[in-house]
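Taking it in order: structure first as structure tokens, then the write-up.
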Amino acid sequence: MIRICHLTKQAMTTKNFIINTMFLIFLSFLTGQLVSYGAEELIERRKDIRTGDVLTVDSPAFVGSSKEYAPLERVIKEGKEYHLTNSEILDIFTEEKTEYTESQILYEGVEYIDRMPETAWVQVINEDLKLKQTVELPVVSQVEERSYWDYNFTFPIEVSGYQEDTYLLGDREIPNGVPLTDYAEEFLKYLNLPGDYYQITSIVWTGEPVERNGDMVRNAQARGKKLVKNITAVYGGAVTAPSVHAQIYRGIYEEDRTKNQTDPLIYESSETAGYERQAWNGYRKMVRYIITITITLTVLLLLLIIILILFEKKKKAESNSEPDSQ
């Protein structure tokens, strides 16, 4: 009796275990579709204001003090105003560059018989790079600045064939004792000087007649005025500047929307809140639910197999014990 009661109690325990397990599995299966799957999302709040253009301005390359090359606080480009937000000095090497360059030379007191030089050695200076070059360039233009009379006009005269009564000026015989100034125009023609540019005001003897190679000659000095000009000549041509180590000042500007705004500002905002959604809400939750049901059924099947195996073992054990009890 004691063994029978023990077996009966064990059987009852097994039966209760099976019933409880089946109930729990059934409850899990029944409530599986009610399980919520939380989808945590990043909460983001953003408010964008339409900003203006960004403008980068580089100064000319320079050598030496940077103060005069510092960017302005405000600049205007294409009708828009920009304010400086950042600036920096950068080290660079300039590129070897060939460009057309001009240089001017002022010639003062240029008279009629003078001829302007066709080429000239000029000094080309790059103030930014502190670079000086001496190059030969051809003349490209001439500009007359002003014209005026120069009263320091003088020239020597030598009269040949000087006799007691007459002397010759070229082929012209001039009586001795007559003032030479009376023949001023003849003297200019003899020297091929036009009267529009030269005028003789006085001619005086500078010595006594002397014999030279069997001929009597006498010297004189003419004084007067000549029309002269100040002329600026421009010389130009291609000049190659070598590469040098230099710096630039870079300024970063941003458009001043408060002054340039002609239409309302555009605001763009977005907001994503955190929330939980049901498993049936969406394809992804459907897949999760199917996986959950599959796992639940698999576990249920395994438990049933285990229970049946245990039950068969116990049944055999009880069958084997019955002859002993008799």
Side-chain angles (χ1 to χ4, degrees), residues 1-56 82-88 90 250-258 260-326:
M1 290 296 296
I2 294 175
R3 179 173 294 182
I4 292 174
C5 290
H6 176 72
L7 293 174
T8 302
K9 184 177 180 181
Q10 189 175 25
M12 290 296 294
T13 302
T14 301
K15 182 178 180 181
N16 290 335
F17 174 76
I18 295 172
I19 293 173
N20 291 335
T21 301
M22 294 293 293
F23 177 75
L24 289 173
I25 294 174
F26 177 75
L27 182 62
S28 298
F29 176 77
L30 182 64
T31 59
Q33 62 180 355
L34 301 179
V35 176
S36 296
Y37 295 92
E40 183 178 355
E41 302 290 345
L42 176 65
I43 297 177
E44 177 185 2
R45 297 179 184 273
R46 186 181 74 242
K47 187 175 185 180
D48 297 332
I49 301 177
R50 187 181 66 188
T51 59
D53 297 332
V54 174
L55 183 66
T56 300
Y82 298 80
H83 63 273
L84 183 67
T85 59
N86 188 31
S87 64
E88 59 181 339
L90 303 177
R250 174 166 293 174
I252 307 299
Y253 294 83
E254 186 174 313
E255 183 183 354
D256 194 338
R257 298 296 302 178
T258 59
N260 299 336
Q261 187 63 47
T262 57
D263 54 343
L265 290 175
I266 298 176
Y267 293 89
E268 297 178 355
S269 60
S270 63
E271 179 177 321
T272 304
Y275 59 92
E276 291 185 350
R277 293 178 291 182
Q278 296 298 325
W280 290 98
N281 186 14
Y283 175 78
R284 186 177 63 178
K285 303 310 177 184
M286 178 67 74
V287 172
R288 287 186 179 180
Y289 175 73
I290 294 173
I291 293 174
T292 301
I293 295 300
T294 302
I295 294 173
T296 302
L297 293 176
T298 302
V299 172
L300 174 61
L301 181 60
L302 291 175
L303 288 177
L304 287 175
I305 293 173
I306 293 172
I307 292 171
L308 289 175
I309 293 172
L310 293 176
F311 183 75
E312 288 296 328
K313 287 183 177 181
K314 291 180 180 181
K315 185 175 180 182
K316 290 181 180 181
E318 290 176 355
S319 301
N320 295 332
S321 61
E322 285 180 359
D324 295 339
S325 61
Q326 291 177 355

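What you are looking at is a predicted structure, and each value in this text was computed from that prediction instead of being measured. Numbering of residues begins at 1 and proceeds along the displayed sequence.
- Separating the CD1 atom in I307 from the CG atom in L302 is a distance of 11.0 Å, to the nearest 0.5 Å.
- Here E254 contributes atom CD and D53 contributes atom CG; the two are 9.5 Å apart, rounded to the nearest 0.5 Å.
- Contacts of L90 classified as side-chain contact (heavy atoms from CB on, under 4.5 Å), with partners at least two apart in sequence or in another chain: E88, I248, R250.
- The two residues E255 and H83 make their nearest non-hydrogen contact at O-CE1, 4.1 Å.
- Applying the side-chain contact (heavy atoms from CB on, under 4.5 Å) criterion to I305, with sequence neighbours excluded, gives L301, I309.
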Could you check I291 against I295 for side-chain contact (heavy atoms from CB on, under 4.5 Å), going step by step and ending with a plain yes or no?
CA-CA 6 Å; I291 293 174; I295 294 173; 3.8 Å; yes
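- A distance of 4.5 Å separates CG of L304 from CG of L300, quoted to the nearest 0.5 Å.
- If you take OG1 on T56 and OH on Y82, they are separated by 11.0 Å, rounding to the nearest 0.5 Å.
- Atom CG of L303 and atom CG of L310 lie 10.5 Å apart (nearest 0.5 Å).
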